[in-house]
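Beneath this line is the structure, given in structure tokens, with notes to follow.
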Amino acid sequence: MTALAQRPANPVVGESVVHESADLHVTGAALYTDDLTGRLTGLLHAWPVGSPHAHARVTSLRTEPALAVPGVVRVLTGADVPGVNDAGVKHDEPLFPTEVMFRGHAVCWVLADSLEAARLGAAAVEVDYEMLPALMTVEEAIAAERFQGARPVMTRGDAAAAMAGAAYVFSGETTMKGQEHFYLETHCSIALVDESGQVFVHASTQHPTETQDIVAHVLGRPAHEVTVQCLRMGGGFGGKEMQPHGFAAIAAIGATVTGRPVRLRLNRALDMTMSGKRHGYHASWQVGFAADGRFVALDATLTADGGWSLDLSEPVLARALCHIDNAYWIPDIVVHGRIAQTNKTSQTAFRGFGGPQGMIVIEDIIGRCAPLLGIDAAQVRERNFYSPGQQTPYGQEVRHADRMPRVWDQLMTSATVDRRTAEIAEFNASHRHTKKALAVTPVKFGISFNFTSYNQAGALVLVYKDGSVLINHGGTEMGQGLHTKMAQVAATALGVPLDVVRVAPTRTDKVPNTSATAASSGADLNGGAVKAACEQIRERLAEFAAKRFGEPVDAVRFEGGTVRAEGSAAPPMTWAELVDAAYYSRVQLSAMGFYRTEGLHWDPVTVHGVPFKYFVYAAAAAEVEVDGFTGASVTRRVDIVFDVGDSLSPMIDLGQIEGAFVQGAGWMTMEELVWDERPGQGQGRLLTSAASTYKLPSLSEMPAVLNVSLLEAATEDGVVYGSKAVGEPPLMLAIAVREAIRDAAAAFGESGASVDLGLPATPEATYWAIEAVRGGVRDGGVTTLRRPT
Amino acid sequence: MTRITVTVDGTRYTDDVEPRTLLVQYLRDRLGKVGTVVGCDTGNCGACTVHLDGRSVKSCQLLAVQTDGHEVTTIEGLANGATLHPMQEAFRDCHALQCGFCTPGMIMQAVDLVTENPHPTEAEVREGLEGNLCRCTGYHNIVKAVQQGAGAMSGGQS
């Protein structure tokens, strides 16, 4: 085995290559789960009977009227569950509930020959409910003390004592709304019973193993009787990490009780109504600063809006706690975490996984307190960066802390921040109704699953007699380019051209016990496993080749599809010739690879340990222009500097950075989830349940100028071929856009005002922030508890 | 049921359809043209964009019967055999795709835009594709691809 990070000569990793499915995508030939529908005969379609109430008890359920609808074959109810009636792993998500917990919660599912018959059947089912009081907001849940799950506390030092010695002490609250994933492909599962009675599920899932686990426990069968395959997803973003399981289980029950394939595809309105979203968060905080703007202490309470069930709320909260420090040294700190239970969808993973929510709290604190300190916010940020050797509040040394100032300085120069800040000041002085601002914010994001056990991966690499290579690994492809990177890793490890390698769809009967493709860890974990498998095969082939060349094993070289021995007069062999000869000499041409991230440990109770292998560093400078009449903002220019280590695939990584940034900017400036919160008939209805009412970023909102550059000389020696994760961290760079809008809003008033700005900073929220400033509000909703006299 | 005769990707089809059948349902469920996908159901995302007599339409906003006697081109009919259309090539080469779900619609809309305006500026590309949503790429590479594709469509003279 070679060292994990060491690249051979002329590696295929590091080259900019097109996405491995690009040809299929541009011709429409790429298949998603629902595209298989026409290939199956006797298919049944599933449709839910959704609760019309936010919270109610089901007092009676009459399914007979549905069976009278032509085409309806069966109505699935709790009585059809042979195993455990639970769609999750916490036993708090009954697949068929007797108490409905949110509007749209499925009470039962109708199966029919056509989608239309299933819908008509669902409309015919009669359900009686006893209404129960509903809690729609996190504030209501806090007042009612309705919490679920663990309530972790992260502590270092003595925040209260330190606060007593701080020059400035401020307190306030920060709230942020959730975010709809809006993967363009809605949830879809197709289940069938195969020739041996086993259940096969095609699912649009980021976590095939857990889909398999849940289907198995719902069916009351061992895992080896259930196979889950994910061809690819039309976007996931965390929304298909936990949420697909119940849908797959419904399809699987349907297939087993009817013997026919069952397709369950949510249309957009159902998907938005039924599936979990990014958690909204509420934070209350008290913060102490020294006179020079350095943090002295922080005491905060984060309350997640968990929706009706726990889902992934606890690990999301853990990551929020672990990112409230962002890039900053906060000497004494105590942060309490809790999860409110509300009568909404079960909020879940979404790119960043709590990291953004934690990070936004500290950036909001800086954005609002810097004017009260009389120090520029960018200076407050820079002064508080971690120094090498310092530890996070959860006790992990900040590896490569020097990269944060390196990233920052590179950005300040490349974005000419000082010059443009001066130009903006001139512009603002001469424009009464339009104001510009430029804000710079950093990101430090921990990589690895917080829960140590998940940091493992497997791969099955098959070399066929003709030399072609097939990779199976545990990761799923949702557009992020994981399969492309894995093919590059295999080509590099085997010393073959990229077109020799193909990546198979993800299946639980090829690689078992996989972790979710999540936490930005897909390439790190699966890349380690693919490399390990390929190197076993290469070592066997090297031994075989050494004998043929009559040279020692360490003289054998695999490069570009050619195998030779250093110093040998014998002509090189092609890869295919060597593989063919090896087969006839009975050399094993397949291997299972395994990888686990070393050095991790984590205690979720004490919120302490070394949960992350390393940190990703990045920073963004965003310039906006805000209209004083409407609050509308335009993002004029964004510059990003990002540390991806030595990129495995630069074009793929740049695409991830650009896409995540825009997705983050969508959440923070335009996408707004609105539920009907008023008691009454409409209570609990998601009012923004379509793209017509939920504003997604379109081409017209993209920054006029977007410059992304990668940090140079950034090898990460603990990761496959020296690379770093890229999936989630760039989303948080969009904080710079919100901070710029805040600064632009401030420019409408007397200088030095603190601004309280909503999240999302929609035109409406921005307008009210401007109005507050114009009306003379200068405290930004922050209470000053102490200041130097 | 209403009988329609429509040419899709160069092949003539005569079918009885319910008048309320959406064009996208007809393409996917009847003809098996699953390269055209449904994203949002409400005409906002453009993932289902196809050409009707050479102009782009959102196939979830059109009834199949409205195409009677007309010609429909989907993403599956855009390439010339094994040779990709220049716009397809540009989307592939510029990495103007990630999950790929919006890609067929984006490409069909981009071809329509360039047919109307052979040399679109960056601003014109943004405006011309505003009705197509992408959740993955952040659009940056899509704009690049459309401009590169436009250049190739006009024989490299942009």
Side-chain angles (χ1 to χ4, degrees), chain A residues 16 18-19 21-32 34-39 181-186 232-237 267-269 477-481 651-652 654-663 665-666 690-693 696-704 706 708, chain B residues 25 28-45 47 74-79 84-85 87-107 122-123 125-143:
Chain A
S16 278
V18 300
H19 192 280
S21 289
D23 279 306
L24 302 179
H25 287 316
V26 301
T27 55
L31 290 178
Y32 303 87
D34 196 45
D35 298 339
L36 304 172
T37 296
R39 300 176 177 225
H181 301 85
F182 215 96
Y183 27 65
L184 274 189
E185 178 213 21
T186 52
R232 58 167 58 74
M233 283 165 278
F237 314 117
N267 69 8
R268 182 58 64 180
E477 176 65 36
M478 59 198 104
Q480 82 278 39
M651 192 159 70
I652 298 283
L654 288 170
Q656 285 289 293
I657 294 166
E658 292 165 1
F661 174 81
V662 169
Q663 197 169 53
S692 51
T693 43
L696 296 151
S698 73
L699 269 130
S700 57
E701 280 94 25
M702 64 180 278
L706 176 59
V708 182
Chain B
Q25 292 174 324
R28 285 182 64 85
D29 302 344
R30 187 71 71 88
L31 304 187
K33 298 250 172 207
V34 294
T36 301
V37 295
V38 177
C40 71
D41 306 316
T42 48
N44 298 93
C45 81
T74 79
I75 189 70
E76 296 173 51
L78 196 60
L84 294 180
H85 184 281
M87 194 61 78
Q88 291 175 309
E89 210 164 319
F91 269 68
R92 181 192 64 190
D93 295 346
C94 294
H95 190 46
L97 54 88
Q98 287 183 28
C99 85
F101 213 76
C102 77
T103 309
M106 280 286 178
I107 290 176
E122 198 177 310
V125 172
R126 290 175 181 224
E127 197 184 328
L129 267 67
E130 204 187 7
N132 289 66
L133 297 176
C134 169
R135 193 55 156 163
C136 298
T137 64
Y139 301 108
H140 200 62
N141 288 348
I142 289 175
V143 175

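Everything numeric in this text was worked out from a predicted model, so none of it was measured. Below, read A as the first sequence line, B as the second, and so on, with proteins coming before strands; counting in each chain starts at 1.
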Check for a donor-acceptor pair, side chain of [X] on one end and backbone N or O of [Y] on the other, with a separation under 3.5 Å.
X: A:Tyr32; Y: A:Glu185; value: no
X: B:Gln88; Y: A:Val26; value: yes
X: B:Asp93; Y: B:Ala90; value: no

Could you look at [X] and say if it's the side chain, the backbone, both or neither that has a heavy atom under 4.5 Å from chain A?
X: B:Leu78; answer: neither
X: B:Cys40; answer: both
X: B:Thr42; answer: side chain
X: B:Val143; answer: side chain
X: B:Asn132; answer: backbone

Heavy-atom pairs under 4.5 Å with chain B, option from [options] with the top count:
options: A:His181, A:Arg39, A:Arg232, A:Met233; value: A:His181
options: A:Ser21, A:Gly481, A:Ala269, A:Pro697; value: A:Pro697
options: A:Glu477, A:Met478, A:Gln656, A:Gln663; value: A:Gln663
options: A:Gly236, A:Ala30, A:Pro703; value: A:Pro703
options: A:Arg268, A:Gln480, A:Glu701; value: A:Arg268
options: A:Leu699, A:Val708, A:Asn267; value: A:Leu699

Quick one: what part of [X] sits under 4.5 Å from any heavy atom of chain B, side chain, backbone, both or neither?
X: A:Ile657; answer: neither
X: A:Met702; answer: both
X: A:Ala29; answer: neither
X: A:Val662; answer: side chain
X: A:Phe661; answer: neither

Please name the pair of heavy atoms, one in [X] and one in [Y], separated by the smallest distance, quoted to 0.1 Å.
X: B:Ala96; Y: B:Ile142; answer: O-CG1, 3.5 Å
X: B:Asp41; Y: B:Val38; answer: OD1-CG1, 3.2 Å
X: B:Pro104; Y: B:Phe101; answer: CD-O, 3.7 Å
X: A:His25; Y: B:Thr103; answer: O-CG2, 3.9 Å

Side chains of [X] and [Y]: does their closest heavy-atom pair fall under 4.5 Å?
X: B:Asn141; Y: B:Phe91; answer: no
X: B:Val34; Y: A:Asp34; answer: no
X: A:Tyr183; Y: B:Cys99; answer: no

Go through [options] and name the one with the most non-hydrogen pairs under 4.5 angstrom from chain A.
options: B:Gln98, B:Glu122, B:Arg135, B:Arg28; answer: B:Arg135
options: B:Ala123, B:Cys94, B:Cys102, B:Gly39; answer: B:Gly39
options: B:Lys33, B:Arg92, B:Glu76; answer: B:Arg92

Mind telling me whether B:His95 and A:His19 have parallel, tilted or perpendicular rings, with 30° and 60° as the class edges?
parallel
Rounded to the nearest 0.5 Å, how far apart are OG of A:Ser700 and CZ of B:Arg126?
9.0 Å
